[in-house]
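Read the structure below first, then the notes.
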Amino acid sequence: QVQLVESGGGLVQAGGSLRLSCAASTSVFRVFPMGWYRQAPGKQREWVTTITSGGSTNYAESVKGRFTISRDNAKNTVYLQMNSLKPEDTAVYYCHVPAGYDYWGQGTQVTVSS
């Protein structure tokens with residue numbers, strides 16, 4: 001069974017940093033883009049960032065310059081380095097792999113206090 005397992009969420013003060021990880025249970029995902037979405041309370045899930053299999057990246061305007069996505073194909077893992085965090089970054093963060101079927105992780109909570 002294919003799984004995406006996120007880790008690294010937590011509580012941090014505004015201006016702080018967190019690093020999220022998403023480990024895939026299969027090496028098949030290394031040929032697909034991988035990305036992160038987030039869902040704040042009472043809001044729809046929104047796209048945050050994507051990295052292609054070749055390493056090209058795209059970011060939502062709200063996180064550009066503060067968040068960095070990277071991947072280690074040898075470890076089947078994608079990372080999200082989040083710096084200069086703001087209270088509005090508070091959300092559950094989900095790893096996503098569009099591999100014909102949409103694969104999602106279980107989510108990891110990120111809470112930024114003001």
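Other residues sharing a hydrophobic cluster with V92 under the 4.5 Å side-chain heavy-atom criterion for ILVMFWY residues are Y37, W47, Y94, W104.
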Just distance, no hydrogens or angles: give the donor-acceptor pairs under 3.5 Å from side chains in residues 79-87, sequence neighbours left out.
{"from": "Q81", "atom 1": "NE2", "to": "N83", "atom 2": "OD1", "distance (Å)": "2.9"}
{"from": "N83", "atom 1": "OD1", "to": "S17", "atom 2": "OG", "distance (Å)": "2.9"}

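Applying the side-chain hydrogen bond (donor to acceptor under 3.5 Å, both in side chains) test to Q109 and every residue at least two apart in sequence or in another chain returns T111. Partners of S7 under the side chain to side chain contact (heavy atoms under 4.5 Å, CB included) rule, at least two apart in sequence or in another chain, are S21. Evaluation of the side chain to side chain contact (heavy atoms under 4.5 Å, CB included) rule for V2 yields S25, T26, F29, Y103 as partners, not counting sequence neighbours. Looking at residues two or more places apart in sequence or on another chain, you find no ring-ring contact (aromatic ring centres under 6.0 Å, His included) involving Y93. Qualifying side-chain hydrogen bond (donor to acceptor under 3.5 Å, both in side chains) partners for R30, counting only residues two or more places apart in sequence or in other chains: N76. Residues passing the side chain to side chain contact (heavy atoms under 4.5 Å, CB included) test with A40 are K43, A91, sequence neighbours excluded.
Connection of V28 to I51 is established within a shared hydrophobic cluster, with ILVMFWY side chains joined at heavy-atom distances below 4.5 Å, either directly or through further cluster members.
Applying the salt bridge (charged side-chain N to carboxylate O under 4.0 Å, His left out) definition to pairs two or more places apart or across chains, those involving residues 89-103 are R38-D89, R66-D89. Pairs engaging residues 54-65 under the salt bridge (charged side-chain N to carboxylate O under 4.0 Å, His left out) rule: E61-K64 [sequence neighbours left out]. Applying the disulfide (SG to SG under 2.5 Å) rule to pairs touching residues 33-77 yields nothing, sequence neighbours excluded. Residue pairs that meet the disulfide (SG to SG under 2.5 Å) test with at least one member in residues 44-101, sequence neighbours left out, are C22-C95.
With a 4.5 Å cut-off on side-chain heavy atoms, F67 and T49 do not count as touching. T108 is listed as a side-chain neighbour of L20, based on a closest heavy-atom distance under 4.5 Å. Counting heavy atoms from C-beta outward, E6 and Q106 have side chains that approach closer than 4.5 Å.
Nearest heavy atoms, F32 versus V97: CB-CG1, 4.0 Å. In plain terms, the two heavy atoms of L4 and A24 that are nearest each other are CD2-CB, 3.7 Å. Taking both residues in full, the closest heavy atoms of V112 and T90 are given as N-OG1, 2.9 Å, listed atom of the first, atom of the second, then distance. Taking both residues in full, the closest heavy atoms of S53 and N73 are given as O-ND2, 4.0 Å, listed atom of the first, atom of the second, then distance.
Of the possible polar contacts, one joining the T77 side chain to the K75 backbone as a donor-acceptor pair under 3.5 Å is found.
Distance check: R71 CZ to T52 OG1 gives 7.0 Å after rounding to the nearest 0.5 Å.
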